[in-house]
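Presented below is the structure to which this report refers.
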Amino acid sequence: MDDFQTGEETAFVVDEVSNIIKESVEGAIGGNAYQHNKVNQWTSNVVEQCLNQLTKLNKPFKYIVTCVIMQKNGAGLHTASSCFWDNTTDGSCTVRWENKTMYCIVSVFGLAI
Amino acid sequence: MDFAKLRSSSFGTDVDNQRKPRSISTVSFMDEPSHTDELHPPVKLENTYQMSPTKRFPVSTVRHILKDVLQNYLQEERYEPELCRQMTKTISEVIKARVKDLMVPRYKIICLIHIGQLNNQGLRIGSRCLWDPNNDTFATQDFQNGSLYAVATVYGVYYE
């Protein structure tokens with residue numbers, strides 16, 4: 001696999017990815033209030049949109065997109081991640097989004113091929 | 001893993017004038033340490049001409065590890081913000097170390113852990129991946145006791 005140019009084109013660009021995530025989340029659940037029967041569809045939509053936009057970047061990356069939607073109820077939530085990869089080419093980006101009734105946390109991990 | 005910088009920024013969005021600004025988005029991301037680039041330019045590996053991994057990712061073993069770790073660390077604990085904050089970091093490091101010990105060659109590992117308080121709230125965790133389904137896989141395990149729940153996921157991605 002050495003016909004790709006090494007350098008900026010094959011590094012994980014965090015800003016670009018975080019913009020994509022923000023847009024996907026706004027688009028999928030923008031003005032909605034938490035509804036238990038719709039959450040399933042919302043997580044799927046957020047993740048699908050994120051992944052579609054990421055593939056359009058046409059970079060030689062494998063992506064893992066995770067979305068957590070939680071109702072605002074005074075409960076606490078802690079998330080941590082630990083990764084074993086190549087620091088120079090791989091990266092991750094996490095975006096926390098909230099509105100009056102729910103939290104949405106989206107993480108994208110990009111692993112170079 | 002040492003993270004060189006943890007940067008976070010927050011701002012309120014005011015999408016259009018009619019809709020009241022009700023959504024706030026906070027972006028937090030880890031800055032990949034770029035200082036290593038000067039010392040080690042990205043390594044170009046030779047072709048291995050391997051079509052598929054020699055040893056596959058052992059899903060059931062990893063699941064066992066997850067179950068083990070979650071039970072050992074969380075069985076007796078009550079939910080407390082400070083404790084759980086430390087606990088998530090510790091558990092994710094421990095899981096990563098144990099999966100690394102399995103020595104599965106050419107596999108990159110991502111370990112994700114969520115610990116939350118049980119408060120009759122609703123929660124949904126979803127994930128989707130763009131990868132090679134023949135070689136890449138994941139293992140997940142959840143755990144619950146009287147006051148908290150935990151969900152651990154390990155993704156194994158083959159490096160071609």
**Asked** Would you say A/Ile64 and B/Val157 make side-chain contact, with heavy atoms under 4.5 Å?
**Response** yes
**Rounded distance (nearest 0.5 Å) linking atom CZ of B/Arg124 with atom CD1 of A/Ile69** = 9.5 Å
**Asked** Considering only heavy atoms, which portion of A/Ser44 lies under 4.5 Å from any heavy atom of chain B: side chain, backbone, both, or neither?
**Response** both
**Request:** Please round to the nearest 0.5 Å and tell me the distance separating atom OG of A/Ser82 and atom CD1 of B/Ile113.
**Result:** 10.5 Å
**Largest heavy-atom contact set with chain B, pairs under 4.5 Å, which of A/Lys72, A/Met70, A/Met102, A/His36** = A/Met70
**Message:** Is it the case that over 12 heavy atoms from other parts of the model lie below 6.0 angstrom from the CZ atom of B/Arg78?
**Reply:** no
**Fill in**
Rounded to the nearest 0.5 angstrom, the CG-CZ distance for B/Leu130 and A/Phe61 is 12.0 Å
**Message:** Can you confirm whether B/Lys108 sits close enough to A/Cys83 that some side-chain heavy atom of one is under 4.5 Å from a side-chain heavy atom of the other?
**Reply:** no
**Asked** If every non-hydrogen atom of A/Ser81 is compared with every non-hydrogen atom of B/Ser92, which pair is closest and at what distance?
**Response** C-OG, 4.1 Å
**Asked** Is B/Asp136 paired with A/Lys62 through a side-chain N to carboxylate O contact shorter than 4.0 Å?
**Response** yes
**Message:** So, taking the atom named CG in B/Asn119 and the one named CG in A/Asn73, what distance separates them when rounded to the nearest 0.5 Å?
**Reply:** 5.0 Å
**Item:** Nearest-0.5 Å distance, OH of residue A/Tyr103 to CG of residue B/Leu123
**Value:** 12.5 Å
**Request:** Could you give me the CA-CA distance, side-chain angles and deciding distance for B/His114 and A/His78, then say whether side chain to side chain contact (heavy atoms under 4.5 Å, CB included) is met?
**Result:** CA-CA 6 Å; B/His114 307 263; A/His78 297 269; over 6 Å; no
**Rounded distance [0.5 Å steps], OG1 in A/Thr66 versus CZ in B/Phe138** = 10.5 Å
**Request:** For A/Phe109 and B/Leu112, run side chain to side chain contact (heavy atoms under 4.5 Å, CB included): C-alpha distance rounded to whole Å, both residues' side-chain angles, the deciding distance at 0.1 Å, then the answer.
**Result:** CA-CA 11 Å; A/Phe109 299 91; B/Leu112 209 49; 3.7 Å; yes
**Asked** Quick one: does B/Thr88's side chain get under 4.5 Å of A/Thr79's, heavy atoms only?
**Response** no
**Prompt:** Do you know which of A/Thr43, A/Thr55, A/Val46, A/Ile21 has the most heavy-atom pairs under 4.5 Å to chain B?
**Reply:** A/Thr43
**Prompt:** Are any non-hydrogen side-chain atoms of A/Leu77 and B/Ile115 less than 4.5 angstrom apart?
**Reply:** no
**Message:** Within the structure provided, determine whether B/Trp131 and A/Ile113 are in side-chain contact (heavy-atom separation under 4.5 Å).
**Reply:** no
